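Below is one structure, written out as structure tokens; the observations come after it.
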Amino acid sequence: MSKQTPILNIQEVKQMKAKCPDCDADLDVPTDTTKGEILSCPGCGLELEVKDVNGDCIDLQELTLEGEDWGE
Amino acid sequence: MSIGLLYERSENDENGIKLTAEQLGIDLTFIPFRKIAITIGKNLLNVASKGKNFTEVLKDIKVVLNRAQSKNRRVYAAHTLEVLGKKVINSSTIEFTCYSKFRTLVELWALGLSIPKTTYVPCDPFDKTKDGRVIHNELDIADLLQQEIGTEVVIKPDAGTHGKGIVLSKNRQTLLGNIQKTEPSIINPVGIVAQELIQKWFYDLRIIVFKEKGKQPVCHPIALARAGFADFRTNTFLGNLVFDAKLPFHIQKLAVKCGETLSKNHDAWVFALDAMVNVGENKQVDDEIVKAELQKAAETFAVVTKIKKDETRLRDFKVWNSKLETAFKNYMSTEPYAKIKSIIEENVQINQANIVFHEANSCPEFWEQTRLVAGINVAVPLLKGAQSLL
């Protein structure tokens, strides 16, 4: 019996390019990303909020966080 | 060899440091301190985020400006970097001291510097027995605080900031309630720290002291006075107004001594000291006059507050910064501002012998108030201090 190669049903995930507003690292953003989603920069780890998606353009903005022991 | 800027997130101060470095022609290397893995093992050191390796970058850095926002993580960062052979501003020993109000105060006290009467009780309001029962300690703690401080007691989280969790008790009932609320937490891990209430009238002072290697320590001669009657706390986070106030030479000298004491002979450092003047009844103007002027000043300050909250700072820092500078300039050019400033300066002058230092901030926020009102861009001594260590 010949061995059958399994067929994997992988959908191609299309991606857009964006830049981290803080460290300038390149981000691969899936095209189905929607406004309000939170992404993480692979370069610096900063959380970024998708403020707008317009065609191939994506507008990312740093999220404002505050930890309990954050301070001077 | 270069200077590194370590931070978790770039807030206005970190953006300000970058902008100032650009203006001074100083190259900064960014070290993220958040979603990054620092791995050690046999003959191994690896520092990497998911998308970038920082191990080689770090090798080239000699001095690091430590701007981690979390106090706990700042201590970790400073200690780790020092073990890796870096100089850090501020050092891990400074961070360790300044993390805790009590540690800071006991060091200032040991050198004879004036501090508020402060009591530390190394006990939490509640304990659990091994079989699950709860033991209440608040009555004993209240007894100790009243025995040492008296009726009016201010409880402060030992590692708190921005006035969070600071409560005033004016009688035993309130004190018991406030002790109950002061649970162990990341900002209050060691029991109860309490102080006498200083009669500071309506303002306190933020004083900047710094040192570069090879130079004498310096106290910036203008303090940031934070003023308001709304609360016994005068933190600007609570909506108080800010004024510049010239410091008498006597206070400048004491502030330098505080810096030297807390720095433990490190070559370069920067502190923002918080101080109060125990004015008591020695006021040269009636409270109602001050309140009226503060109310008028608040109207112009509303424009500053609006710009401070404007999210354009996240998109175009330089444009936002320019708007902020104009707003502060307008605020500071008003007559009520000048009147309050003059009242504070005169009051500091006549009560200068009664200054008490109550906190030292090792990673001060400065880009907005301190820079634009007190007139010192703390990024400059930070960067020059770092350069002096290269």
Side-chain angles (χ1 to χ4, degrees), chain A residues 3-72, chain B residues 7-11 13-15 18 30-37 48-54 67-75 98-99 157 159-165 185-189 206 235 237 271-272 274 309 311-317 359-366:
Chain A
K3 249 186 175 179
Q4 278 192 331
T5 308
I7 298 164
L8 295 176
N9 185 15
I10 299 173
Q11 281 189 324
E12 193 186 345
V13 179
K14 287 188 180 169
Q15 295 194 316
M16 295 182 277
K17 288 281 181 198
K19 275 203 180 294
C20 171
D22 195 48
C23 76
D24 270 350
D26 288 325
L27 272 82
D28 291 323
V29 184
T31 46
D32 60 356
T33 300
T34 54
K35 192 176 165 182
E37 272 189 51
I38 294 167
L39 309 171
S40 188
C41 168
C44 66
L46 199 69
E47 286 86 0
L48 302 162
E49 184 178 358
V50 177
K51 297 299 274 189
D52 198 18
V53 184
N54 188 0
D56 283 348
C57 292
I58 186 158
D59 182 12
L60 299 174
Q61 187 176 297
E62 190 178 328
L63 271 178
T64 308
L65 304 180
E66 196 187 349
E68 197 187 356
D69 74 332
W70 284 20
E72 302 181 285
Chain B
Y7 59 79
E8 293 160 59
R9 322 184 66 78
S10 59
E11 302 286 343
D13 298 305
E14 288 69 43
N15 285 326
K18 289 183 210 168
F30 166 50
I31 313 164
F33 199 67
R34 186 164 165 74
K35 289 183 180 168
I36 191 160
S49 65
K50 277 164 64 174
K52 190 173 174 186
N53 196 300
F54 289 86
R67 298 288 308 183
Q69 278 87 344
S70 150
K71 287 184 168 202
N72 286 280
R73 285 193 277 269
R74 206 153 60 231
V75 175
C98 292
Y99 172 91
T161 185
H162 300 149
K164 270 187 288 191
S185 70
I186 194 168
I187 59 166
N188 193 55
R206 165 151 292 198
N235 307 66
F237 259 67
F271 292 103
D274 289 338
K309 287 179 185 163
E311 286 210 334
T312 56
R313 72 189 162 84
L314 298 168
R315 296 169 175 278
D316 195 334
F317 183 72
E359 198 170 334
N361 300 282
S362 53
C363 184
E365 287 154 15
F366 62 89

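Below, chains carry the letters A, B, ... as their sequence lines are ordered, and counting in each starts from 1. What you see is a predicted model; the values in this text were computed from it and never measured.
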Is there any side chain to side chain donor-acceptor pair (under 3.5 Å) pair reaching into residues 49-59 of chain A, and which pairs are they, with sequence neighbours excluded? A:D59-B:R315

Select one option (side chain, backbone, both, neither) describing which atoms of A:E66 are under 4.5 Å from chain B's heavy atoms. side chain

Electrostatic pair A:E47-B:R9, nearest N-O below 4.0 angstrom: yes

Chain B heavy atoms under 4.5 Å from A:Q61: which part of the residue, side chain, backbone, both or neither? side chain

B:E8 versus chain A, heavy atoms under 4.5 Å apart: side chain, backbone, both or neither? both

Looking at chain A, which one of B:S10, B:P32, B:G160 has the largest number of heavy-atom pairs inside 4.5 Å, strictly under? B:S10

For A:C41 and A:L48, the nearest pair of non-hydrogen atoms, with its separation, is CB-CD1, 4.2 Å

B:F54 and B:S49: which non-hydrogen atoms are nearest, and at how many Å? CE1-OG, 3.8 Å

Return the set of residues passing side chain to side chain contact (heavy atoms under 4.5 Å, CB included) with A:V53 (not counting sequence neighbours), or none when no residue passes. A:M16, A:V50, A:I58

Closer than 4.0 angstrom, basic N to acidic O: yes or no for B:R67 and B:E11? no

Specify which of B:I36, B:L314, B:I31 makes the most heavy-atom pairs with chain A at under 4.5 Å. B:L314

For B:K18, does the NZ atom sit with more than 12 other heavy atoms under 6.0 Å from it, leaving out its own atoms? yes

One option among B:K52, B:K164, B:E359 has the most heavy-atom pairs under 4.5 Å with chain A, and it is B:K164

Could you tell me which portion of B:Y7 (side chain, backbone, both or neither) has an atom closer than 4.5 angstrom to a non-hydrogen atom of chain A? side chain

With sequence neighbours excluded, tell me which residues meet side chain to side chain donor-acceptor pair (under 3.5 Å) with B:N53. B:N46, B:T55

Going by heavy atoms in the side chains, are B:R34 and B:Q69 under 4.5 Å from each other? no

Neighbourhood of chain B inside residues 20-28 of chain A, taking heavy atoms under 4.5 Å as contact: A:D22, A:C23

